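Taking it in order: structure first as structure tokens, then the write-up.
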Amino acid sequence: TLREHQPYARWGASGAQMIDVNGQLFEAAPGGANDPAIPTLAGPDDQSATVLAMYRDLNPLVAPLHDRMAVLELETRGDWRAWLTGRSSPPGSGTAPDAVIELGAGTAAELAARLRTFVATVPMVAARHQRGVADIETADLRHVNGYALRLRGVDTTGDPAAANPVTKQ
């Protein structure tokens, strides 16, 4: 019996499996998932449909940042993590993704609310440090009344040498 699947995303870190539009896992043909535009979803295999549904709910929310979710992962303890990309090389290309977002645990509505708040406010926060959203390195949205943010090129240690390293030859 031959069964056709419409691939939607790579599944897992190895990318050997794919997830179809219905959330079912299947083995990918060698080289069949090399398109960098195809997202990677990860989590426990029995949660593939849940991860797919969460990706469909959350990915459109990052569009105002001119980003997309390259990776969405459900950890075994129930926390969600996303890798955003849009301006640089995708994960797996040898370079780091644009931003890693710790979403935390919760329902789709709770995670969407945290992500909406982040997307609405992060451009202003980055601008306060003379940076743009392209400089987001990490964000932790697991805090009750806000988020923690790390921007490329911004140092909070107070050591000017750390912010502007000089190479001696």
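The shown structure was predicted, so the numbers you read here are calculated from the model rather than taken from an experiment. Side-chain atoms are counted along with the backbone in the values below, which use heavy atoms only and exclude waters and symmetry mates. Quick note: residue numbers are just sequence positions, from 1.
- For the pair Glu137/Val100, no side-chain contact is recorded, criterion being any heavy-atom separation below 4.5 Å from C-beta on.
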Begin with the C-alpha distance, continue with both residues' side-chain angles, and end with the deciding distance and a verdict on side chain to side chain contact (heavy atoms under 4.5 Å, CB included) for Leu58 and Leu103. CA-CA 10 Å; Leu58 299 181; Leu103 296 163; 3.9 Å; yes

Test side chain to side chain contact (heavy atoms under 4.5 Å, CB included) on His129 and Asp135 and set out the steps. CA-CA 10 Å; His129 297 281; Asp135 295 311; over 6 Å; no

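- The CZ atom of Arg152 sits 9.0 Å away from the OG1 atom of Thr138 when rounded to the nearest 0.5 Å.
- In plain terms, the two heavy atoms of Leu61 and Val119 that are nearest each other are O-CG2, 3.5 Å.
- What you find for Ile19 and Arg10 is that their closest heavy atoms are CG2-O, 4.4 Å.
- For Pro44 against Thr76, the heavy-atom pair with the smallest separation is CG-CG2, 4.5 Å.
- Checking Ile101, Val133, Leu84 one by one against Val62, the side-chain contact (heavy atoms from CB on, under 4.5 Å) holds for a single residue, Leu84.
- At least one side-chain heavy atom of Phe118 sits less than 4.5 Å from a side-chain heavy atom of Leu65.
- In this structure, Asn59 and Met69 approach most closely via the heavy-atom pair OD1-N, 2.7 Å.
- The two residues Tyr8 and Pro39 make their nearest non-hydrogen contact at O-CD, 3.7 Å.
- Note that the CH2 atom of Trp11 and the CD atom of Gln24 stand 12.5 Å from one another [nearest 0.5 Å].
- The CD atom of Glu73 sits 10.5 Å away from atom OG1 of Thr40, with the distance rounded to the nearest 0.5 Å.
- To the nearest 0.5 Å, atoms CG (Leu72) and CZ (Arg56) are separated by 12.5 Å.
- The minimum heavy-atom distance between Val51 and Trp80, with the atom names listed, is CA-CH2, 3.8 Å.
- In this structure, CD in Gln17 is found 5.0 Å from CG in Leu25, a value given to the nearest 0.5 Å.
- Atoms CG and CD, from Leu141 and Glu102 in turn, are 8.5 Å apart once rounded to the nearest 0.5 Å.
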